[in-house]
Amino acid sequence: MRNNHDNNQIFHSVTLDPDKCMGCVTCVKRCPTEAIRVRDGKASIIGEYCIDCGECIRVCPHHAKHAAYDTPDVIKRYRYSVALPAPALYGQFGNLESTDIVLNALVAIGFDEVFEVAKAAEIVSDYTRKIMEEEDNLPHPLISCACPAVVRLIRVEYPELIENLHRTVPPVELAARMAVRKVMDEHPELTRSDIGIVFITPCPAKVTYMRSPMGLDSSEIDAAVAMKEIYPKLLEHMPEIAETYETSLPELQSAGRMGVSWCGSGGEATALLTESYLAADGIENVVHVLDSLEEERLGDLDFIELNACAGGCVGGVLTVENPYIAHTRIQKLRKFMPVSLNHFECGQENLIKDDKPLDYVDYVAVQKLSEDYEEALSLLERMGEIEESLPGLDCGACGAPSCKAFAEDIIRGKAKQSDCIISMRDQLLQLAEKEGISESFIPRPFRTGEQE
Amino acid sequence: MPKLHFRYEVDGDDFTRAGEASSKLKQSLKQLGLSPQLVRRAAIAMYEGEINMVAHADGGVIDVDIDTVAITIVMKDTGKGIEDIGQAMKEGFSTASEEVRQMGFGAGMGLPNMKKHSDYMKVDSEVGVGTTVTMKISIADE
């Protein structure tokens with residue numbers, strides 16, 4: 001799956017099943033970037049605005065929204081496959097005595113090797129601590145780049161904050177890079193295409209990252225399998241593995257408390273051993289924090305960790321368990337873990353840093369109404385007039401999330417004023433009056449109520 | 001010459017709503033395709049003004065005019081007025097109540113920040129009558 005993203009076409013992993021979509025406006029209303037419209041009775045996503053956060057998948061009552069990911073069978077495509085479990089995976093199972101049971105179950109279902117993302121996370125943490133201490137010209141505050149939905153959101157809505165993004169690859173990418181090196185070293189008989197680096201992902205945003213990584217030309221991750229798909233397969237093997245635990249089980253656990261804690265909100269930030277941090281989770285909170293930061297309202301901070309999902313990665317839409325339950329389980333699991341098992345080593349800089357300097361994520365001014373400023377001024381004025389003439393109910397029946405968004409759609413030529421059913425009601429009433437038809441013949445929601 | 005006018009009403013004593021007007025303006029400026037730096041400056045200047053209106057003047061009215069030359073923000077209140085404008089403009093000077101400070105406001109940076117982020121600022125105030133702050137942010141060199 002590497003090297004296949006088109007620069008002009010933004011890849012998205014959130015897709016729609018038109019057979020299941022009823023054309024209701026649940027997703028339209030909940031989308032944090034107002035990227036969804038109902039057109040011809042079906043929801044459709046505006047690619048430029050979508051940040052792949054997966055909120056629409058979460059809220060769709062008809063299960064019509066899906067994430068594109070690989071099935072667990074993908075490992076058969078490779079001669080040698082490596083599983084990259086995100087630490088959130090450990091929170092999916094109850095009564096787990098050790099993460100080793102999950103890691104060995106991954107081997108039992110067919111992976112040749114396991115490389116914990118938590119291990120790479122510890123290296124990223126150590127590296128970040130180091131540069132925060134040593135480098136004077138770091139952006140202040142530094143914003144985590146671990147949540148790809150947040151990075152995309154910053155790219156779409158907060159271009160001024162792009163320079164604050166931490167210039168490392170996310171832990172999953174570092175894990176992939178390290179795993180590739182390790183396997184190539186240990187198995188000289190294999191070529192790169194024989195090796196499958198398979199990420200066990202909690203969310204669609206990370207699938208998108210793999211397909212079109214921001215700040216990189218290409219990702220070393222070859223496939224992404226949803227946590228919820230691998231979950232039942234692991235469950236089949238886990239009871240048996242748990243029985244042999246402590247006697248004959250190979251020790252695969254390679255990360256400590258710090259790495260595993262990245263699964264929840266605040267985990268990444270606390271690993272930096274500074275009090276001067278802010279960790280926010282849930283897309284509404286993320287938006288609020290970014291607004292405040294953009295307007296210089298947050299005061300002095302060293303680090304900002306932002307997770308689009310409530311609870312952090314354990315809240316990913318491709319996980320099985322409730323985020324807070326999963327987090328509590330991980331809390332218990334990590335109790336007997338060492339603090340950290342991995343450290344940044346000199347020479348790892350080129351593995352940990354992103355490829356593209358400075359213009360890390362190109363600012364895409366998707367919001368502007370026209371390239372010509374004067375024209376944009378008149379369009380915005382017209383938009384205000386249209387909005388004024390609309391009922392202001394934000395009912396969504398036109399397919400847009402609000403009357404304001406609808407007015408913008410009209411200006412952009414994506415909708416017609418006659419798409420508003422409330423305006424249609426007024427026309428209907430006028431017609432009824434002209435024809436001398438009593439209001440009682442008109443459906444109740446369309447009546448003005450004056451004649452009741 | 002095309003010209004755009006917005007009016008925002010600011011509610012007094014409701015800190016939960018302070019920032020609504022500046023966030024709406026920010027959205028509009030982004031739609032105009034103005035540079036992120038300029039959008040940020042306008043949003044900060046207006047937000048600080050909004051907070052002042054809420055904290056000191058029991059709300060007021062903001063008029064924003066945008067044309068091809070500048071963004072002009074006029075913030076008008078009928079609050080208690082500023083006794084000594086020179087002193088109020090000094091960084092760190094604050095008359096905010098303890099209650100307001102506990103909410104993280106009142107650091108005495110409001111007016112200085114407004115001045116810093118605008119190209120022109122004028123404060124007219126009369127004790128007991130009210131305050132009008134006029135700010136201009138030039139977009140000519142955009």
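Worth knowing before you read on, the calculation uses all heavy atoms, side chains too, and leaves out hydrogens, waters and symmetry mates. Order of the sequence lines fixes the chain letters, A, B, ..., with proteins taken first and strands second; residue numbering starts at 1 for each chain.
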Can you measure from [atom1] ([X]) to [atom2] ([Y]) and round to the nearest 0.5 angstrom?
{"X": "A:Arg382", "Y": "A:Leu369", "atom1": "CZ", "atom2": "CG", "answer": "13.0 Å"}
{"X": "A:Leu380", "Y": "A:Lys368", "atom1": "CG", "atom2": "NZ", "answer": "14.0 Å"}
{"X": "B:Met46", "Y": "B:Ile73", "atom1": "CE", "atom2": "CD1", "answer": "6.0 Å"}
{"X": "A:Leu153", "Y": "A:Cys50", "atom1": "CG", "atom2": "SG", "answer": "11.0 Å"}

Under a 4.5 Å cut-off applied to non-hydrogen side-chain atoms, are [X] and [Y] in contact?
{"X": "A:Leu290", "Y": "A:Leu306", "result": "yes"}
{"X": "B:Thr68", "Y": "B:Ile139", "result": "no"}
{"X": "B:Val64", "Y": "B:Val74", "result": "no"}
{"X": "A:Tyr373", "Y": "B:Leu32", "result": "yes"}
{"X": "A:Cys309", "Y": "A:Arg58", "result": "yes"}
{"X": "B:Val69", "Y": "B:Ser138", "result": "no"}

| query | Using non-hydrogen atoms only, which part of A:Ile411 is less than 4.5 Å away from chain B: side chain, backbone, both, or neither? | reply |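 Neither part, no heavy atoms under 4.5 Å.
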
Let me know if A:Glu375 has heavy atoms under 4.5 Å from chain B in its side chain, its backbone, both or neither.
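For A:Glu375, no heavy atom lies under 4.5 Å from chain B.
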
Using non-hydrogen atoms only, which part of [X] is less than 4.5 Å away from chain A: side chain, backbone, both, or neither?
{"X": "B:Gln27", "result": "side chain"}
{"X": "B:His5", "result": "neither"}
{"X": "B:Lys3", "result": "backbone"}

Please output the residues of [range] in contact with chain B, using a heavy-atom cutoff of under 4.5 Å, in numerical order.
{"range": "residues 384-397 of chain A", "value": "none"}
{"range": "residues 29-38 of chain A", "value": "none"}
{"range": "residues 291-305 of chain A", "value": "A:Asp291, A:Leu293, A:Glu294, A:Glu295, A:Glu296, A:Arg297"}

Could you list the donor-acceptor pairs under 3.5 angstrom formed by side chains in residues 49-58 of chain B, with sequence neighbours left out?
{"from": "B:Glu50", "atom 1": "OE1", "to": "B:Ser22", "atom 2": "N", "distance (Å)": "2.8"}
{"from": "B:Glu50", "atom 1": "OE1", "to": "B:Ser22", "atom 2": "OG", "distance (Å)": "3.1"}
{"from": "B:Glu50", "atom 1": "OE2", "to": "B:Gly19", "atom 2": "N", "distance (Å)": "2.9"}
{"from": "B:Glu50", "atom 1": "OE2", "to": "B:Glu20", "atom 2": "N", "distance (Å)": "3.4"}
{"from": "B:Glu50", "atom 1": "OE2", "to": "B:Ala21", "atom 2": "N", "distance (Å)": "3.2"}

- Message: With a 6.0 Å cut-off (strictly less than), is the heavy-atom count around CD of B:Gln37, excluding the residue itself, greater than 12?
- Response: yes

Can you check side-chain hydrogen bond (donor to acceptor under 3.5 Å, both in side chains) on B:Thr16 and B:Asp14, steps first, answer last?
CA-CA 5 Å; B:Thr16 60; B:Asp14 188 354; 2.4 Å; yes

Please evaluate residues A:Arg412 and A:Glu408 with respect to the criterion salt bridge (charged side-chain N to carboxylate O under 4.0 Å, His left out), reporting the C-alpha separation (whole Å), side-chain torsions for both, the decisive distance (0.1 Å), and the verdict. CA-CA 6 Å; A:Arg412 291 183 189 275; A:Glu408 188 177 335; 2.9 Å; yes

Is B:Arg7 salt-bridged to B:Asp65, going by a charged N under 4.0 Å from an acidic O?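 Answer for the salt bridge query: no.
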
